[in-house]
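Report on the structure given below.
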Amino acid sequence: MSTITTTNPATGAVIDTYKLMSKDEAVQRLKAAHAAFLDWRGKSHAERAPYLTRIADVLRGNSDELAQLMTRETGKLYRDGKAEVEICAAIFEYTAKNGPDMLADEERTHGKDGARGVVTYQPIGVIYSIQPWNFPLYQPVRVLAANLMAGNGCVLKHASICTGSGLRLRELCIEAGLPEDLFQVVLIDHDTSDALIEHPLVRGVTMTGSDGAGRHIGSVAAKALKKTVLELGSNDAYLVLEDADIDTAVKYSVMGRLYNNGETCVSAKRFVVTDKVYDAFVSAFVAQMQAIDMGDPMDKATQLGPLSSTDQFETVRDQVEESVAKGAKILCGGTVPDRTGAYYPATVLGDVAPGMPAYDDEIFGPVAAVIRAKDDEDAMRIANDSRYGLGGGIFSRNKERALTLARDHFDTGMVRINSFGAADPNMPFGGVKDSGYGREHGGFGMKEFTNAKAIFLP
């Protein structure tokens, strides 16, 4: 493959074609980013902050264009694209406002006499960012904002289907005044990507994607002794406990499963429902999922757009078919519509059990797996019966008990109580087990790729 072709998943129409870079071209981009880093690292945190604030302003000023581009490339709802631009602007603003204090030198003491010590968070160089297609702007931004504030440079390898979004983000950063070479976008194949990971000028690697891809990238980086941050998806469980408010549980379960056309790593995917409220929840949940309006992602009335590509559509379809063949029951959806585009309907599967893709794996589309639990304790056991551990949720009228369960028993990086949401700039984002390691947001991401340097004074 010498070119990348992007396609509108709603219509099948070709959007654009891009030429892949050679290894030499990619390395030249890396070297340019490193040269820019050598200057950028000399600025104070307070001097870097205004650059981030201006990028936020420029993103907001181009919100309509960016949302339309993301919709064309990935099929996400236009209104979700608008919201994505806003969260990206908020991330840049949060980082600009809080970064200088979070990354400030820390005064400590050392030795028997309490001599002065200083801990300083110093930039390390160019960070290589490998990102997926489901949030074409947000995924690269959450890496870029944190590392610009830390003083690092950044080279982005974006998913091929949203190549235009990655390139446009770089253009807008330069328009906002960011040094032209500090943030680079490379259009490369996997072999060239591995070569970049191994290159001495790459000092850290961050990647969001599948656990299979994470194992490969993590192993290549580990052999080169490069630090990594990996966010690798999940099959998040949302627990409907015996004392749950059913209306609240159904509302946020539908939202949590269909947000971004169901293509979100931290989506609600497995719904573990206690026997006491099982019938009431499933009846209402299925009714609302059946009523979802699927259609043109640019239409304000549309609630569910197409999947991001034909390949993604086929993967979701096959996972559902395999789950049904192993005993799952289709409660609604599950029938491929006779229309142009990579559309898959809002689907609910019942009688889901271990050994099925709907139980064991991540279905990256609008498919909900409902699992019956005997009681609250059994629900918690089932939730943790997963190789993943990114996020999850608990529906319960007793918020303090839910907090205890979330804190002490839920084996994930994030837990929502009586709500759903994807990310917040002020809260850490990341998982455990096969969902990866490392954290972004909440100040944690700004320190992931810094040198926590200890200085001992007499």
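Position 1 is the first residue of the sequence; numbering continues from there.
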Pairwise salt bridge (charged side-chain N to carboxylate O under 4.0 Å, His left out) hits with a residue in residues 257-271, at least two apart: Lys269-Glu362
Flag side-chain contact, heavy atom, 4.5 Å: Arg72 against Met298: no
His158 side-chain N/O to Ser165 backbone N/O, donor-acceptor pair under 3.5 Å: no
Pair Ser234-Asp236, side-chain donor/acceptor within less than 3.5 Å: yes
Residues Tyr437 and Thr228: side-chain donor-acceptor under 3.5 angstrom: yes
Any donor and acceptor pair, going by atom type alone, linking the side chain of Thr412 with main-chain N or O of Gly389 inside 3.5 Å? no
State which residues pass salt bridge (Lys or Arg N to Asp or Glu O under 4.0 Å) with Asp311; sequence neighbours excluded, sorted by chain then number. none
Decide whether Asp194 and His216 meet the rule of one side-chain donor and one side-chain acceptor closer than 3.5 Å. yes
Check the side chains of Tyr252 and Asn418 for a donor-acceptor pair under 3.5 angstrom, ignoring hydrogens and angles. no
Centroid-centroid under 6.0 Å between His441 and Tyr138 rings: yes
Flag for Asp318-Thr315: side-chain donor and acceptor within less than 3.5 Å: no
I'd like to know if the side chain of Asp105 pairs up with that of Thr120 as donor and acceptor (distance under 3.5 Å, no hydrogens or angles considered). yes
Parallel under 30°, tilted from 30 to 60°, perpendicular over 60°: which one fits the rings of His34 and Phe37? tilted
Taking all atoms of both residues into account, what is the closest heavy-atom pair of Ala89 and Arg60, and its distance? CB-CZ, 3.6 Å
Is Lys76 paired with Glu84 through a side-chain N to carboxylate O contact shorter than 4.0 Å? yes
Any side-chain donor-acceptor pair under 3.5 Å between Tyr78 and Asp64? yes
With a cut-off of under 6.0 Å to the ring centre and 45° to the axis, is Arg142 in cation-pi contact with Phe429? yes
State whether Phe449 and Lys227 meet the cation-pi test: NZ (Lys) or CZ (Arg) under 6.0 Å from the six-membered ring centroid, and within 45° of the perpendicular axis. yes
In terms of side-chain heavy atoms, does Ser193 have a donor or acceptor partner in Tyr128 at a distance below 3.5 Å? yes
Any side-chain to backbone donor/acceptor pair from Gln184 onto Leu156? Under 3.5 Å, distance only. no
Side chain to side chain contact (heavy atoms under 4.5 Å, CB included) partner of Ile394, the single match among Leu403, Val272, Val415: Val415
Arg416 side-chain N/O to Gly392 backbone N/O, donor-acceptor pair under 3.5 Å: no
Does NZ or CZ of Arg339 come closer than 6.0 Å to the centre of the six-membered ring of Tyr343, within 45° of the ring's axis? yes
From the list Asp411, Asp360, Asp434, salt bridge (Lys or Arg N to Asp or Glu O under 4.0 Å) partner of Arg387 resolves to Asp434
Verify the neighbour count for atom CD of Glu400: are there more than 12 heavy atoms of other residues, nucleotides or ligands below 6.0 Å? no
Does the gap between the ring centers of Trp40 and Tyr51 come in under 6.0 Å? yes
Does a donor on one side chain and an acceptor on the other come within less than 3.5 Å for Asn235 and Ser386? yes
Identify whether the distance between the nearest side-chain nitrogen and carboxylate oxygen of Glu175 and Arg54 falls below 4.0 Å. no
Donor-acceptor pair between Glu106 and Tyr121 side chains, under 3.5 angstrom: yes
